[in-house]
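No hydrogens, no waters, no symmetry mates; every other heavy atom, side chains included, goes into these values. Note that ligands are numbered from 1 as they come in the structure, with each ligand's atoms numbered from 1 the same way.
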Amino acid sequence: MSGVAQELVVEHHSIDERLADVVAGLDEGEVRAEAFRAAATELKHHIFVEEEHLFPPLRAAGMIPPVLVMLREHGEMWGVLEMIEGLLAAPSPDAAVLREACGRLMDQLDAHNLKEEQILYPAADQTLAPQDQESVSTALVDGDLPGDWRASMAPPR
Ligand SMILES: [Fe+2]
Ligand SMILES: [Fe+2]
């Protein structure tokens, strides 16, 4: 892999490391809320870049079923992210409940990222026009998630 695929894989690893740090804390009964927020911010932005910049040209290239599976999984992960944010908003969050939820999120990410890295990202390297690759790269560097953007298949609030 090269180009945008490689940039997206680097971000997968960064998110994995942040979440692993949160889970390591929870395993010792320590709630690392700030670390979780950093992981959640990076993951939400990653999902935004994929849904707004990467998936449309992939869909146009005919990869409709795999993109639909990814959108569904983003929606599920978004729901877990917001659930964890809700748990962290409690006065004294329960580390065991958080541990279970973060473990579930990491399992979802493992399965999801594997499919992207084996199928979607190599296809992006091969089929995206240069301007679409540029659009993904630029969006990855611009770290802001617009307003109240949520994954397209996120559960209703
Ligand atoms: Fe994704
Ligand atoms: Fe991804």
**Asked** Among side-chain atoms of E52 and W149, is any donor-acceptor pair under 3.5 angstrom?
**Response** yes
**Request:** Sorted by first residue and then second, give each salt bridge (charged side-chain N to carboxylate O under 4.0 Å, His left out) pair with at least one member in residues 77-103; sequence neighbours left out.
**Result:** D27-R99, K44-E85, E82-R150, E82-R157, E100-R104
**Request:** Enter the distance from E42:CD to E17:CD here, rounded to the nearest 0.5 Å.
**Result:** 9.5 Å
**Prompt:** Mind checking what makes side-chain contact (heavy atoms from CB on, under 4.5 Å) contact with P65, not counting sequence neighbours?
**Reply:** none
**Request:** Look at the aromatic rings of H112 and H74 and report parallel, tilted or perpendicular, splitting at 30° and 60°.
**Result:** tilted
**Request:** Applying salt bridge (Lys or Arg N to Asp or Glu O under 4.0 Å), name anything that partners R32, two or more places apart in sequence or on another chain.
**Result:** D21, E30
**Fill in**
At a cut-off of 2.8 Å, protein N/O/S around the Fe ion (ligand 1) gives E50 OE1, H74 NE2, H112 NE2, E116 OE2
**Fill in**
Angle subtended at the Fe ion (ligand 2) by H12 NE2 and Y121 OH, to the nearest 10 degrees, is 80°
